[in-house]
Amino acid sequence: MSLPQEVDLSKLREASPAPAVARRIVEGAMARTAPRRGKGWLIAVPVAFAAGLAIAVVFLRPTPRPEIVVIAPQTLPLPALPALVSGQVAEAALGPVPFRAGKHHVKVAAHGKVVATKIEPRAVRLQVAAGAARFEVQPLEADEVFAVSAGALTFEAVGTQFEVEVEGDCTRLEVQEGIVRVSRAGRELELVTEGKRGTFCEGAQVPESLSEEDRLLSDALDKVRGGSDADLAEATTILRRYAEQYPAGVYRQEALYYLARLSHRLGRADEARAFAAKFLASWPTGRRADELRAIAAK
């Protein structure tokens, strides 16, 4: 014979009988008192009434509401972008993936692939191996390099934003800000300016020589890359000549931008403010405008 299990009677306080059970309780109470005659009904009625009252109390008692806890949302800092290192490959599967290459930002498009050829403090060289990637290049110092290769092409920037996409034997370039110099083995340099696009295919013919306007700006940028005070002074001279010969030239924005920066670098504060003011009069918004506005305020 097994011993009865212990029952926690405290749980019965909150228990509520089902409607069928409650009905049987009332019917049972009435059945036990029905055969009796005489004064038996005086007992049966109060018993049935008491049972019904108990059931009514159980069903009418308000059910306690669950406690609602409101948790205020927390503002969490956004995670830092992962940094590419030399030799690393950045790939994106279903959606764009942002990375950092030194101080610059790279966004690899879906199904894109970018190889970090070299990531050093003053030189960043990347390769678009497949798909598309967008590059946001921070302002570069005189001896800094940011270059992107795609096949036999090399795109070199000096403080700009551009996008490179590989499509079979062709590579598409779109420049959002600044200027990009395009080079390939055995060919003349090509310049693609802000708002312009270029498609370069293997075996396609390109102009045999640069125009005088193109060459002046290219020579000035070569001197900027040199980085010495003598190189920067010569770059300023070339850019001044460009501004005089081509006052409404294609590269006027570039010329004024670098004239302001180089003059500031060389300690020519008045000239730097004057060139910055001319730039801001035509291009008052954007990252370059913010940079030159700081120079103009000094």
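Please read these numbers as outputs of a predicted model, since none were measured by experiment.
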- prompt: Any idea how Phe146 and His104 line up, ring-wise: parallel (<30°), tilted (30 to 60°), or perpendicular (>60°)?
  reply: perpendicular
Set of ring pair (Phe, Tyr, Trp, His ring centres under 6.0 Å) partners for Phe275, sequence neighbours left out: none
- prompt: Is there a side-chain contact between Val148 and Thr154 (heavy atoms, below 4.5 Å)?
  reply: no
query: Given Ser282 and Arg252, is the side-chain contact (heavy atoms from CB on, under 4.5 Å) satisfied, shown in steps?
result: CA-CA 10 Å; Ser282 298; Arg252 180 171 179 269; 3.4 Å; yes
- prompt: Can you check whether Glu91 reaches Val89 side chain to side chain, under 4.5 Å on heavy atoms?
  reply: yes
field: Reported CD-to-CG distance for the pair Glu234 and Asp229, which is rounded to 0.5 angstrom
entry: 13.0 Å
query: Any chain of hydrophobic side-chain contacts (each under 4.5 Å) joining Trp283 to Leu239?
result: yes
message: Please tell me whether Arg288 and Gln253 have a donor and an acceptor in their side chains that are separated by less than 3.5 angstrom.
response: no
message: Pair Leu126, Thr117 - check side-chain contact (heavy atoms from CB on, under 4.5 Å), show working.
response: CA-CA 5 Å; Leu126 306 171; Thr117 306; 5.8 Å; no
query: Side chains of Glu291 and Tyr257: is there a donor and an acceptor less than 3.5 Å apart?
result: yes
- prompt: What distance do Arg240 atom CZ and Leu262 atom CG have between them, rounded to the nearest 0.5 Å?
  reply: 10.5 Å
His105 and Leu81, any side-chain heavy atoms less than 4.5 Å apart: yes
message: So Leu280 and Arg293, do their side chains get closer than 4.5 Å, heavy atoms only?
response: yes
field: Interatomic distance, Gln161 atom CD to Gln138 atom CD [nearest 0.5 angstrom]
entry: 8.0 Å
pair Leu173-Glu163: side-chain heavy atoms closer than 4.5 Å: no
- request: Please step through salt bridge (Lys or Arg N to Asp or Glu O under 4.0 Å) for the pair Arg181 and Asp222, ending with a clear verdict.
  value: CA-CA 11 Å; Arg181 299 200 302 175; Asp222 281 336; 3.0 Å; yes
query: Taking a hydrophobic cluster as the set of Ile, Leu, Val, Met, Phe, Trp and Tyr residues connected by side-chain heavy atoms closer than 4.5 Å, whether directly or through intermediates, do Val250 and Phe279 fall within one such cluster?
result: yes
The single option from Lys113, Arg134, Arg172 passing salt bridge (Lys or Arg N to Asp or Glu O under 4.0 Å) against Glu165: Arg172
message: Do Asp231 and Lys223 make a side-chain contact, defined as non-hydrogen atoms from C-beta onward lying under 4.5 Å apart?
response: yes
query: Any side-chain heavy atom of Leu191 sitting closer than 4.5 Å to one from Ile179?
result: yes
- request: Indicate whether the side chain of Glu213 and that of Tyr251 have a donor and an acceptor atom separated by less than 3.5 Å.
  value: no
Worked verdict on Ser218 versus Leu221 for side-chain contact (heavy atoms from CB on, under 4.5 Å): CA-CA 5 Å; Ser218 181; Leu221 293 180; 5.8 Å; no
task: Dump the intermediate steps for side-chain contact (heavy atoms from CB on, under 4.5 Å) on Thr171 and Phe155, then the final yes or no.
output: CA-CA 11 Å; Thr171 301; Phe155 305 99; 3.8 Å; yes
field: hydrophobic_cluster_shared for Leu256 and Leu266, side chain cutoff 4.5 Å
entry: yes
message: Between Arg122 and Glu120, does the salt bridge (Lys or Arg N to Asp or Glu O under 4.0 Å) criterion hold? Intermediate values first, please.
response: CA-CA 6 Å; Arg122 308 198 71 79; Glu120 295 181 353; over 6 Å; no
query: Under a single-linkage definition using a 4.5 Å side-chain heavy-atom cutoff for Ile, Leu, Val, Met, Phe, Trp and Tyr, are Leu217 and Tyr246 assigned to the same hydrophobic cluster?
result: yes
query: Hey, are the side chains of Val145 and Val124 touching, using non-hydrogen atoms and a 4.5 Å cut-off?
result: no
field: Atom pair CD (Glu271) and OG (Ser263), whose distance is rounded to the nearest 0.5 Å
entry: 5.0 Å
statement: Distance col, row Leu84:CG vs Arg100:CZ, nearest 0.5 angstrom, shows 9.0 Å
- prompt: Take atom NZ in Lys103; do more than 12 heavy atoms of anything else shown fall under 6.0 Å from it?
  reply: yes
